[in-house]
Q: 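Sending over a structure as structure tokens; questions will come in a sec.
This chain uses plain numbering: 1 for the first residue, then up along the sequence. For the numbers below, each heavy atom of this structure counts, side chains included, while hydrogens, waters and symmetry mates do not.
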Amino acid sequence: MSVLSAKHFHDEAAAYKYVEARIWPNGRNCPHCGVVDQSAALKGKSTRIGVYKCYACRKPFTVKVGTIFEASHIKLHIWLQAIFLLSSSKKGMSANQLHRTLGITLKSAWFLAHRIREAMRDGSTGPLGGEGKVVEADETYYGFKKERSLTRSDGKPYKTGQRGPANKRAIVSLVERGGAVRSFHVDHADKVTVASIVVQNVAKESRLHTDESRLYAGADGHFAQHETVKHTAGEYARGDVTTNSIEGYFSIFKRGMKGVYQRCDEKHLHRYLAEFDFRYNARQSLGVNDEARANRALKGIVGKRLTYRTVGQNA
């Protein structure tokens with residue numbers, strides 16, 4: 001039987017109960033005053049599903065208040081379907097596909113997807129790696145900046161299309177081998193920026209693996225070991241020294257962005273990175289199946305309300 005045949009994907013009341021059980025595991029919490037288990041369900045023919053009244057502050061609330069669902073007119077069971085689809089699709093699902101599958105407008109599907117990406121955003125600040133662990137670091141480029149030069153540094157125009165990193169959107173990613181990935185969209189992938197990201201996000205006891213890029217020169221003094229592979233010489237592995245894990249992540253990211261999403265404004269790039277990071281960090285090889293991954297995304301909905309007016313702004 002398909003997971004999507006479950007009742008909470010098709011019945012509004014069941015969807016509320018399903019979300020409440022995961023957002024309020026220790027009792028019904030009033031989002032207005034914070035009091036726990038001092039509320040009761042409002043009853044009446046005109047009362048909306050899932051509405052409670054707090055006896056402490058006398059205000060009504062639902063489980064949607066203070067979450068990505070707040071003020072949305074889309075049925076909650078449709079939201080749960082969307083979360084499952086985005087969580088289980090390895091390379092993502094376009095707004096057009098969500099629009100056709102869920103039967104909502106394209107504008108609603110686009111906004112809904114961005115809210116879900118916000119729920120997927122981890123926000124972890126603890127260091128990756130540790131004693132005896134390997135962290136791979138690399139940078140890549142996806143798409144052009146909105147305002148870019150059409151000429152080379154010497155003033156001559158590009159004849160066969162622009163090559164190299166100039167005027168392209170830079171992404172720096174770190175992956176703990178066999179563990180989590182953490183990605184950053186930066187204005188410029190220069191040595192100062194990249195070094196700052198690596199030092200702040202990788203435990204000093206780790207072994208750092210990179211390619212021969214000069215961006216990582218000098219990292220030896222910050223970590224237990226800094227080992228490199230020389231891609232320009234055709235070397236992609238030397239014993240266990242490799243950057244294949246981070247290259248594999250970039251491959252999934254670019255296939256999804258080019259094949260599924262196709263277009264992405266630079267101001268939204270950080271949310272797409274959060275989406276791909278989320279799925280990678282809750283992948284099948286780590287023992288997380290589609291259903292568990294969707295539930296993990298659901299737990300991230302609190303405190304991340306996103307309005308349509310601000311969805312285009314960098315968070």
Q: Side chains of Thr228 and Glu212: is there a donor and an acceptor less than 3.5 Å apart?
A: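 Side-chain D/A pair, Thr228 to Glu212: absent.
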Q: Measure centre to centre between the rings of His8 and Trp79, then say whether the value is under 6.0 Å.
A: no
Q: Could you pull out all donor-acceptor pairs under 3.5 Å where a side-chain atom in residues 55-64 meets a protein atom, sequence neighbours excluded?
A:
| from | atom 1 | to | atom 2 | distance (Å) |
| --- | --- | --- | --- | --- |
| Thr62 | OG1 | Lys64 | N | 3.1 |
| Lys64 | NZ | Ser72 | O | 3.3 |

Q: Under the side-chain hydrogen bond (donor to acceptor under 3.5 Å, both in side chains) test, which residues partner His77, sequence neighbours left out?
A: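 side-chain hydrogen bond (donor to acceptor under 3.5 Å, both in side chains) check on His77 returns Glu12.
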Q: Looking at residues at least two apart in the chain, or sitting in another chain, which of them share a side-chain hydrogen bond (donor to acceptor under 3.5 Å, both in side chains) with Glu235?
A: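 For Glu235 the side-chain hydrogen bond (donor to acceptor under 3.5 Å, both in side chains) partners, ignoring immediate neighbours, are Arg238.
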Q: Any pair with a residue in residues 223-244 that passes ring pair (Phe, Tyr, Trp, His ring centres under 6.0 Å), sequence neighbours left out, goes on the list, sorted by first then second residue, please.
A: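 Checked against ring pair (Phe, Tyr, Trp, His ring centres under 6.0 Å) - neighbours excluded - the pairs reaching residues 223-244 are His231-Tyr236.
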Q: Check whether any side-chain heavy atom of Phe276 sits under 4.5 Å from a side-chain heavy atom of Tyr249, and report yes or no.
A: yes
Q: Under 3.5 Å, is there a donor-acceptor pair linking the side chains of Glu275 and Tyr261?
A: yes
Q: Within the 3.5 Å criterion, strictly below it, is a donor on Tyr142 or Glu266 matched to an acceptor on the partner's side chain?
A: no
Q: Not counting sequence neighbours, which residues clear side-chain hydrogen bond (donor to acceptor under 3.5 Å, both in side chains) with Lys254? List them please.
A: Thr140
Q: Does the Lys NZ or Arg CZ of Arg117 fall within the cation-pi geometry relative to Tyr272 - under 6.0 Å from the ring centre and within 45° of the axis?
A: yes
Q: Is it the case that the side chains of Arg293 and Ser87 hold a donor-acceptor pair, with the cut-off being a distance below 3.5 Å and no angle test?
A: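 The answer is no; no qualifying pair exists.
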Q: Side chains of Ser251 and Glu247 only: does a donor on one sit below 3.5 Å from an acceptor on the other?
A: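 Looking only at side-chain atoms, Glu247 and Ser251 do not form any donor-acceptor pair under 3.5 Å.
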Q: Side-chain donor-acceptor pair under 3.5 Å between Thr242 and Asn244, yes or no?
A: yes
Q: Please collect all ring pair (Phe, Tyr, Trp, His ring centres under 6.0 Å) contacts where either partner lies in residues 167-216, sequence neighbours excluded, each pair once.
A: none
Q: Which is it for Glu176 and Lys133 under the salt bridge (charged side-chain N to carboxylate O under 4.0 Å, His left out) test, yes or no, and what are the steps along the way?
A: CA-CA 7 Å; Glu176 181 180 311; Lys133 295 183 178 180; 3.7 Å; yes
Q: Is Arg214 reaching over with its side chain to a backbone N or O of Lys191, donor-acceptor style, under 3.5 angstrom?
A: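 No, the answer is negative, given that no donor and acceptor are paired below the 3.5 Å cut-off.
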Q: Are side-chain N/O atoms of Thr243 and Asp138 paired as donor and acceptor at under 3.5 Å?
A: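 Note: Thr243 and Asp138 side chains miss the donor-acceptor criterion.
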Q: Under the side-chain contact (heavy atoms from CB on, under 4.5 Å) rule, what do Arg121 and Arg271 come out as? Steps first, then yes or no, please.
A: CA-CA 7 Å; Arg121 181 171 55 83; Arg271 292 197 180 97; over 6 Å; no
